Each structure stands twice: as structure tokens, then as C-alpha cells.
> 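This structure is in C-alpha cells; I'll ask about it shortly.
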There are 2 protein chains.
Amino acid sequence: MAPRISEEAKKARRDHLLEAALECFSSKGYYASTVDDIVRYANLSKGSVYNYFESKEDIFIHLLEKKRTESMEHLKEKLDKIDSPTKKLQHWIHEDIPYSLNKKKFMRVHIEFWLYSADSPKLKEILSKRFDTMVDMTIAIITDGKKRGEFRQDLDVEQATAMFWSLHDGIWLHAVIGYDVKKLESHIREMENVFMAYIQ
Amino acid sequence: MAPRISEEAKKARRDHLLEAALECFSSKGYYASTVDDIVRYANLSKGSVYNYFESKEDIFIHLLEKKRTESMEHLKEKLDKIDSPTKKLQHWIHEDIPYSLNKKKFMRVHIEFWLYSADSPKLKEILSKRFDTMVDMTIAIITDGKKRGEFRQDLDVEQATAMFWSLHDGIWLHAVIGYDVKKLESHIREMENVFMAYIQ
DNA sequence: CTAAAAAGACTAACCAGTCAGTTTTAATAA
DNA sequence: TTATTAAAACTGACTGGTTAGTCTTTTTAG
């Protein structure tokens, strides 16, 4: 007999569950959110969840993985169209402004994930995959910018990359804790000034 | 009848429990740490804990409060001896380097606290108290630096303060996730370059 | 008609906090 | 100096509530 629902419908259900999980995790945190919370939000029964995911942790992991690939694909596509390293970094810094609210939710979950990764090799692997990709891309852009003379010649590329991500993640960390969106956006804009003053 | 142990001994027990809690919370996180974990670490029985603290959350709160006052008092004392705003900021940035390992533990707990404060007014209050003090001090130093001509005249003080703290917290956030201490220390040193390039 | 999927009551494990009984300490009495 | 006493502090088995994950039954799509 044919499967009861199509593959597309199945994927839609999975995504729907992941979005529900994002809502719960971002508002209450991972531990405080129960599987019952998630299914209530998703209008599904508890038993059903386990047709799609192995465990609560599995939901957490797939949520992060999904957001990771989504945002990376989107970003790469955009950056490929830009030639100048300076403009690439500027685009990268500002790219999330239109989605501040969504990204804020995601960052809330992401940082929690990050914190708990200390004890879980599985979580750690996913994060380092994400982190490595981001870092590699940043290093490539900054190296290129040096070569082209857009950035100072004595700039330490590894340090600059670390500073880029520290500043970025610091701003988002603050945003997660109840800052209003207007302030967040002005901080992102200021980040450009800080970083450019440093690398140029 | 006289109390069975002196006030100092009582305070010592409280502190001992808080240090045990710091160990547990910083290695496994708040939710994953059980009260049994803490008492095992502290060599005490479960029942005893409740002579000192009302609840697990109460331990969390007192731990943060203790670390907050400790570090603020220490910092204020040092900064008061320094006159130049530039030197004050430099000292502030570097002040934790000798205690990197301890501060890393504390930051792990602090960030988790921060994340959960979204739902708890009690946690929120403690954090905003800490944050406001830090921000006010930073604003005062930067304003003074502008007045004295050590920093650029068109610097936006509020923005600069936000950037200072974003960079600081971003670096520590990264440190929490398994960076080795040597890297952390070099990042702290680089933070000075970034921030000075921006405000001067 | 059949097999996948959904439902939701149920279970087993976990854990914060309690409590009744025990030990320790220091003030006081002998 | 030593014994007595009583409150404070300690102990750990226990409890009540919670929740991740299971399982049996019911529904649905093709």
C-alpha cells in the first residue's frame, strides 16, 4: 500500500514541527520547553512527533542544522555576486537587519545550543561545522582584501576574523536579552564603523 | 542556646556551596546540574543545602550576586587609582587575563543566567543591576575621554559603550566554547587594538 | 482494504524539596 | 575541669510532581 502522505507533505510536517520547536525553545529555552509544549504549538499529538524525530535532542539538532544550511546557502548566493572584499563584509554585517526578529529567535536557541555543546560531542560537531564554514569564508574575504590593498597590510587575518565574529556574536547576544530591535539595528550599523576602522 | 556554628563558619559553608555550584553549573549547565550533584561536590547532604538556600534557583541567584559584587569591588578599586580614560579602558580590557580560567567558568554560568532571565523577573533584575553599573561606568569613562580630547569628538558615547560590551562579551562567549586560554588571551589583547582604533 | 500516520493514555525515570531522626557545638551547671 | 543540655545543623530516605518516550488503538489516504 502507498504511504499515507507524500514525501513533500512529510517534509512539510517536519518543518512545521521544527518551527514550533523554534518558537518554544526561543521563548522558554530548551530545557524548560517540554515535548508537550512543542506538540501543543504544532497542533499535533505527542506520539506523532516520534514518527519524525528520535528524541527531543534530535529536534534541537535538526533545528540548528536546518537553520544553518538555510542561512549559509542564502548568504553564499549573495556574496558570490559581490566582488569587493570590503563590500562583501559590509553586506555580511547588514544582511540580517531585515530579519532581525527571526534571527533573534534563532540566536537565542543557537547560543543555548552552544552552551550545552560543551558536554555533547554530537552538538559540538554540528557547531564546529557551522563555525568552520563561517570562519573559512571570513578568512578568505579578509585575505583577498589584504591582497587587493583594501585592508591594511599588517592586519593579522586570524585575529581579524576572531574580532569579526566576537563583535557579531556579542551584539546578537545582547539583542537576545530584550534589547529592542531599533537599538539592535543601530548596533549592527555601528559594527561596520568599528570593524572598518580596525581593518583599513 | 548558642548557635552551633559561628557566623563566619556559616558564611564559609555558604561560599563553599556556591563554589561547588559554580563547578557544577559551569561544567554541565544549570538545568543539567542536580542539587545532588552540588552536594556531592560540596561533601554535604541534600537536606543541609536548604539551611543555606531556599531553592536551586536561589543558589543560582546568590552565585551570580556574589561574583558580581566581588568583581565590581575589585575593579572599582583598581580603576579609581588610574587617571587617564584611555588607561582605564585598557586596564579594564586586560584585567581578567590573569584569571582567564576562573572567569571562563563564571561566564559560562553568567551567559546561561542571561538566557534564562528572559522569563524570570527576579533574574532579570539582578542582571540589569549588574549591567547598568557596568554601562554607567563605561559611559563615564568615555565621556571623560572625549572631554579631555583623548577620544574623537564625534564619537557617540552610547554606541561606543555598546560596542565595548559587545566585543567583550563576544570574546568571552567564544572562550566559553572550548577555546584554549592562549587564544583567548590574544583575543583580549587584540580587542584593545580594535577598540582604540575606533574611539581615537 | 491496507499500511502509514496520528492520537493520547500510560509508564518509568528523574529530581527538587521535605522531614523525622541523629549528631555536633557551645553555653552553662556542677 | 567536666558533665549536661538544648538549639542549631546535618543526614538521607522518602514523596509528589513532572516529563521523555512508549504502546495500543483509531484514523486516514490512496
Side-chain angles (χ1 to χ4, degrees), chain A residues 1-25 27-63 109 112-113 116 119-120 122-123, chain B residues 1-25 27-63 109 112-113 116 119-120 122-123:
Chain A
M1 252 302 129
R4 221 196 77 190
I5 63 175
S6 64
E7 274 308 307
E8 304 88 69
K10 195 155 181 170
K11 194 186 172 309
R13 279 289 158 86
R14 274 178 77 93
D15 281 355
H16 179 62
L17 266 169
L18 290 180
E19 289 307 316
L22 176 60
E23 279 312 312
C24 294
F25 293 165
S27 68
K28 298 172 69 177
Y30 173 74
Y31 275 100
S33 301
T34 67
V35 175
D36 286 292
D37 287 336
I38 298 171
V39 300
R40 202 177 308 124
Y41 203 95
N43 270 317
L44 219 70
S45 73
K46 197 172 191 172
S48 264
V49 173
Y50 292 86
N51 287 327
Y52 296 96
F53 299 100
E54 277 177 17
S55 63
K56 189 183 161 187
E57 198 198 43
D58 195 43
I59 298 176
F60 200 25
I61 289 172
H62 279 89
L63 174 58
V109 181
E112 196 174 9
F113 198 86
Y116 293 130
D119 323 295
S120 161
K122 226 192 287 180
L123 300 200
Chain B
M1 255 305 132
R4 218 194 80 186
I5 63 173
S6 65
E7 274 309 305
E8 302 88 73
K10 194 155 180 172
K11 195 188 171 307
R13 280 287 160 85
R14 274 179 75 95
D15 281 354
H16 179 63
L17 266 169
L18 290 180
E19 289 308 316
L22 176 61
E23 278 314 311
C24 295
F25 293 166
S27 68
K28 301 173 65 176
Y30 173 74
Y31 276 99
S33 301
T34 67
V35 174
D36 286 291
D37 287 336
I38 298 170
V39 300
R40 201 177 309 123
Y41 204 95
N43 270 318
L44 218 70
S45 73
K46 197 170 192 174
S48 265
V49 173
Y50 292 88
N51 286 328
Y52 296 96
F53 299 100
E54 278 177 16
S55 63
K56 189 182 161 189
E57 198 198 42
D58 196 42
I59 298 176
F60 199 27
I61 288 173
H62 278 91
L63 175 59
V109 181
E112 196 174 9
F113 199 86
Y116 293 130
D119 323 295
S120 160
K122 228 194 283 181
L123 301 200

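Nothing here was measured: the structure is a model prediction, and the numbers come from that model. Note on naming: letters A, B, ... go to the chains in the order of the sequence lines (proteins, then strands), and numbering restarts at 1 for each one.
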> Whole Å only: how far is the OH atom of A:Tyr30 from the P atom of D:dT19?
13 Å
> Where do A:Gly29 and A:Glu112 come nearest, in terms of heavy atoms and distance?
CA-OE1, 3.4 Å
> Nearest whole Å is fine: how far is C:dC14 P from B:Arg40 CZ?
13 Å
> Atom NZ of B:Lys10 and atom P of D:dA7: how far apart are they, to the nearest Å?
16 Å
> Does A:Asp15 have any salt bridge (Lys or Arg N to Asp or Glu O under 4.0 Å) partners at least two apart in sequence or in another chain, and if so, which?
A:Lys11
> Could you state the CD-C1' distance from B:Glu8 to C:dT25, rounded to the nearest angstrom?
15 Å
> Return each pair, listed once, that meets salt bridge (charged side-chain N to carboxylate O under 4.0 Å, His left out) where at least one residue sits in residues 43-53 of chain A; pairs must be two or more places apart or across chains.
A:Asp36-A:Lys46
> Please identify each residue that fulfils salt bridge (Lys or Arg N to Asp or Glu O under 4.0 Å) with A:Glu57, with sequence neighbours left out.
A:Lys122
> How would you list, by chain and number, every residue that makes a salt bridge (Lys or Arg N to Asp or Glu O under 4.0 Å) with B:Lys10, sequence neighbours excluded?
none
> If you take any heavy atom closer than 4.0 Å to DNA chain C, which residues from residues 45-56 of chain B end up in contact?
B:Lys46, B:Gly47, B:Tyr50, B:Ser55, B:Lys56
> Can you check the B:Asn43 CG to D:dG12 C1' distance for me, whole Å?
15 Å
> What is the separation between atom CZ on B:Arg14 and atom C1' on D:dA9, rounded to the nearest whole Å?
15 Å
> Taking only residues two or more places apart in sequence, or in another chain, which ones meet B:Arg40 in a salt bridge (Lys or Arg N to Asp or Glu O under 4.0 Å)?
B:Asp37
> Between C1' on C:dG17 and CD on B:Glu57, what's the gap in Å once rounded to a whole number?
14 Å
> Between P on D:dC14 and CG on B:Asp36, what's the gap in Å once rounded to a whole number?
15 Å
